[in-house]
Amino acid sequence: MRVIARDAPIVVLTGAGISRESGLATFRDKDGIWAKVRLEDVATPEAFARDPARVHAFYNARRRQLRDPAVQPNAAHLALARLSQEWPGGVTVVTQNVDDLHDRAGTANLIHMHGELTKARCTACGAVMPWLEDLSLDTRCPACGATGTLRPHVVWFGEMPLAMDRIYAALDACALFVSIGTSGAVYPAAGFVAEVRGRARTLELNLEPSKGSQLFDEAIHGPATVLVPAFVARLLGPA
Ligand code: APR
């Protein structure tokens, strides 16, 4: 990859693949989350209306896993955090992930377009608050006092992703778009490369070719903990 000008803005999109080597499952790999549970049963507004206890149990288990000491930001998260802090042209990291590993790595200018496992939202008063414990129908909203109205602050299928204006503004301004650890299966994130190609250089870093791999100027395949530190070192110099 031709190195870009140091004052050029960068947008990085990440998906579940960047957290795989931290011990968190992806969605569509053969051992992924959707191989074990149907998304229609746990990740849609209709599922939550139909069986809220089941949806809470699904997200409670994933939220608890984030508190496992074995689950830590990996070398890819840390390298990306360094790039976001040191790149003169500015870096916007747009993650589809709802885990908190980019946050814990110290990533600057981070957008969680699919929400965050470590936050809850009240469907009665709209308050969004940090939340590390289990949620249930007995949970009381600390903001308005209602009971049973809290849901994971996670974007479900059929719901609008968050901060899309901010994301498209960053895509419009960027000179380099890098996609890391995502299958390119879910829109609007899967459409970002088509949005910028021809105007910005595009690079895919993924274990295997994604669905949109042929849209990228360059695609390098391998584990994120190898590819991302090497990519950041090429831009910033060795750590
Ligand atoms: N390093 C780099 N890439 C990896 C690694 C790894 N160690 N392990 C897996 N991958 C790649 C896989 O090859 C795959 O292309 O990460 C990608 C993960 O794809 P998905 O499981 O589809 O996850 P993602 O693209 O993030 O899904 C997007 O779908 O279910 C919804 O809301 C959910 O945010 C999620 C969205």
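In each ligand, atom 1 is the first atom listed, and ligand 1 is the first ligand listed.
Using modelled atom types and a 3.5 Å distance limit, the side chains of E218 and T202 yield no donor-acceptor pair. For the residue pair T118 / D100, no side-chain donor-acceptor distance below 3.5 Å is found, with atom types taken as modelled. Counted by atom type alone, S179 and E204 present zero donor-acceptor pairs between their side chains at under 3.5 Å. With hydrogens and angles left out, the side-chain atoms of N74 and S22 include a donor and acceptor closer than 3.5 Å. Side-chain contact, S183 with S210: no donor N or O sits under 3.5 Å from an acceptor N or O.
Using cut-offs of 30° and 60° for the angle between ring planes, the H102 and H77 rings count as perpendicular. Classified by interplanar angle (parallel below 30°, tilted 30° to 60°, perpendicular above 60°), the ring pair F48/H56 is perpendicular.
I111 has its side chain out of reach of T95: every pair of non-hydrogen atoms, C-beta onward, lies at least 4.5 Å apart.
Looking only at heavy atoms of the protein, atom 35 (C) of ligand 1 is closest to F27 CE1, 3.6 Å. Here the heavy atom of the protein found nearest to atom 34 (O) of ligand 1 is H114 ND1, 3.0 Å. Nearest to atom 25 (O) of ligand 1 among the protein's heavy atoms is T182 OG1, 2.6 Å. Given atom 27 (O) of ligand 1, the protein heavy atom at minimum distance is R28 NH1, 3.0 Å. With hydrogens left out, the protein atom closest to atom 26 (O) of ligand 1 is A16 N, 2.8 Å, a heavy atom. The protein non-hydrogen atom at the shortest distance from atom 11 (C) of ligand 1 is N206 OD1, 3.6 Å. In terms of protein heavy atoms, atom 9 (C) of ligand 1 is closest to D29 OD2, 3.3 Å. The protein heavy atom nearest to atom 3 (N) of ligand 1 is L207 N, 3.2 Å.
Below 3.5 Å of separation, one finds no N or O of R20 facing any N or O of ligand 1. The shortest N/O to N/O separation between G184 and ligand 1 does not fall below 3.5 Å. Any N or O atom pair closer than 3.5 Å counts here, and A224 shares at least one such pair with ligand 1.
With a 6.0 Å cutoff to the six-membered ring centre and a 45° limit on the axis angle, R121 does not count as a cation-pi contact of W131.
At least one heavy atom of P223 sits closer than 4.0 Å to an atom of ligand 1.
Using a cut-off of 4.0 Å between Lys/Arg side-chain N and Asp/Glu carboxylate O, D41 and R38 are scored as salt-bridged.
Atoms of ligand 1 found under 4.0 Å from any heavy atom of E21 (numbered from 1 in listed order, with element): 1 (N), 6 (C), 7 (N).
Scanning G15, S179, G181 for the heavy atom closest to atom 18 (C) of ligand 1 points to G181. When A25, G17, A35, S183 are ranked by how near their heavy atoms come to atom 19 (O) of ligand 1, first place goes to S183.
Looking at Q96 against ligand 1, both its backbone and its side chain come within 4.0 Å, counting heavy atoms. Of the heavy atoms in V186, only side-chain atoms (C-beta onward) come closer than 4.0 Å to ligand 1.
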Evaluate the criterion side-chain contact (heavy atoms from CB on, under 4.5 Å) for residue pair R201 and F216; output intermediate values, then yes/no. CA-CA 8 Å; R201 286 194 59 74; F216 287 84; over 6 Å; no

